[in-house]
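First the proteins, then the strands, lettered A, B, ... as listed; each starts at 1. Side-chain atoms are counted along with the backbone in the values below, which use heavy atoms only and exclude waters and symmetry mates.
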Protein chains: 2
Amino acid sequence: MVDTTRAGAPKPAAERVQRPQARTTERREAVLKAALNVFGARGYNKGALVEVAEQAGMTHAGVLHHFGSKEGLLVAMLKYRDGEEVAGIPERAQVEGPAFLQHLVDTVEENTHRRGVVQAYSVLSGESVTDGHPAHDYFQTRTEGLRTKIAGVLGEVSGNTDAQELRDSATSLIAIMDGLQVQWLLDPDAVDMPRIVGRAMDELVERLRAEA
Amino acid sequence: MVDTTRAGAPKPAAERVQRPQARTTERREAVLKAALNVFGARGYNKGALVEVAEQAGMTHAGVLHHFGSKEGLLVAMLKYRDGEEVAGIPERAQVEGPAFLQHLVDTVEENTHRRGVVQAYSVLSGESVTDGHPAHDYFQTRTEGLRTKIAGVLGEVSGNTDAQELRDSATSLIAIMDGLQVQWLLDPDAVDMPRIVGRAMDELVERLRAEA
DNA sequence: ATTCACTTACTTACTAGTCAGTAAGTGTGT
DNA sequence: ACACACTTACTGACTAGTAAGTAAGTGAAT
């Protein structure tokens, strides 16, 4: 995987030589947004390129022109979503330390107003564990990265230095957030995501502190 | 639920009038097992009836004869899996009270040796949040039932009577178990499911007791 | 003049579901 | 005990739909 050279840059239609045209970037973005919609609503397997294309105002061959293949589109979409998320943080500042934990809770709160995004994430991560799924590596890498990051921050915040304990706690926290999303999607009124995540995080930090 | 009357009673091929033939039950079971395999490995959408049929030693039309449609097969498979799980408990005794919590932890432990089952559950529950997915109701009902049951047991065990608190705790516990499965499937060595679930449950009960 | 961003027009590959037919039962009446 | 009427459990062939990918071409911008 992975280059997509210069992050989301065009290239797929054979090797590109000239500069892309002016409107190209926004057309590609329209396709990526449509993909988020379609794959989010139907999953990758059942999501059809024609529908993505339609929503972006072109034919499915046009989409293929930009991203080379359905799999290429998926990977580009996943990266695009990450970039968007990062860009959403004020001044693009990377959040560090305690603020990161607050950021996680804030994100959960925001997510209750962005059903589509949550659905896309849940469906795709579920699908990603199937044999040879194109998003498998993405989710594996992403989860591991998040785990390490959260473990680090939990260590800072609690003063606890037990590495395994910190990793387990991070894993646990991620599991709660992901697991809650599915339950929430199945029945939004039955699950108060922000409250539960906030709770869990407080408990976790408290315990790590006590054991430090 | 669950008639399971004569275990997985046939019917789909129009309304059945005569008794099913002798070998029928085991043939149907072979199909269900194959479905667990195939849908587990590829998901419902990508899983093909021909492959299910092949693994069960018949043609895909034969599968359709028994279950009427692909969707019918899915639903039957889900019910079959539930029945199997219940049957796995010694003497079919329904586990109640504190023992149920232990049973949950035991199941998690067992699951580390049954990757296929875990994968099937994770993939299907992820898929189930997509629009109009045939397993949507199944997972919704199942989750709600589990939530209520766990909340009840937690109440018994901790003496806590705060209904919302108990429900949130149950939701949280389910989220951890489900979320861990995905992480574990993505990277089995990175996640010690039984340890983390055991931990979480102890913490939960302890806290509910303290707040009682 | 050439390249980019597409479209139109297919092709190839599957896949769920239908249908007609067949061999092997099942149950009843005699 | 046996034949008759009927059912079940399939198979094989086919249909109709869908979906990804390809090839050739067209107009606009550089």
What N/O pairs connect the protein and nucleotides 15-20 of chain C at under 3.5 Å? Give each pair on its own line.
residue	atom	partner	partner atom	Å
C:dA16	OP1	B:Gly47	O	3.4
C:dA16	OP1	B:Lys70	NZ	3.1
C:dA16	OP2	B:Leu49	N	3.0
C:dG17	OP2	B:Lys70	N	2.8
C:dG17	N7	B:His60	NE2	2.7
C:dG17	O6	B:His60	NE2	3.1

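Residues meeting the salt bridge (Lys or Arg N to Asp or Glu O under 4.0 Å) test with A:Glu51, sequence neighbours left out: A:Arg42. For B:Tyr80, there are no ring-ring contact (aromatic ring centres under 6.0 Å, His included) partners at least two apart in sequence or on another chain. B:Tyr44 pairs by the ring-ring contact (aromatic ring centres under 6.0 Å, His included) definition with B:Phe39, B:His133, not counting sequence neighbours. With sequence neighbours excluded, no residue satisfies ring-ring contact (aromatic ring centres under 6.0 Å, His included) with A:Tyr138.
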Please table the atom pairs, donor to acceptor, closer than 3.5 Å between any side-chain atom in residues 176-190 of chain A and protein atoms at least two apart or in another chain.
residue	atom	partner	partner atom	Å
A:Gln183	OE1	B:Arg147	NH1	2.7
A:Gln183	NE2	B:Thr171	O	3.1

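Between B:Lys149 and B:Glu96 a salt bridge is recorded (basic side-chain N to carboxylate O distance below 4.0 Å).
Between the CZ atom of A:Phe67 and the C1' atom of C:dC4 there is a distance of 15 Å, rounded to whole Å. Following rounding to the nearest Å, B:Arg23 (CZ) and C:dT26 (P) show an atom-to-atom distance of 12 Å. When the C1' atom of C:dC4 is taken as reference, atom CE of A:Met58 falls 13 Å away, rounded to whole Å.
Using a 4.0 Å cut-off, no side-chain N or O of B:Thr59 falls inside it from OP1 or OP2 of D:dG12. Neither OP1 nor OP2 of C:dC4 sits under 4.0 Å from any side-chain N or O of A:His65. Dashed line: the shortest gap from a side-chain N or O of A:Arg27 to OP1 or OP2 of C:dA5 is not under 4.0 Å.
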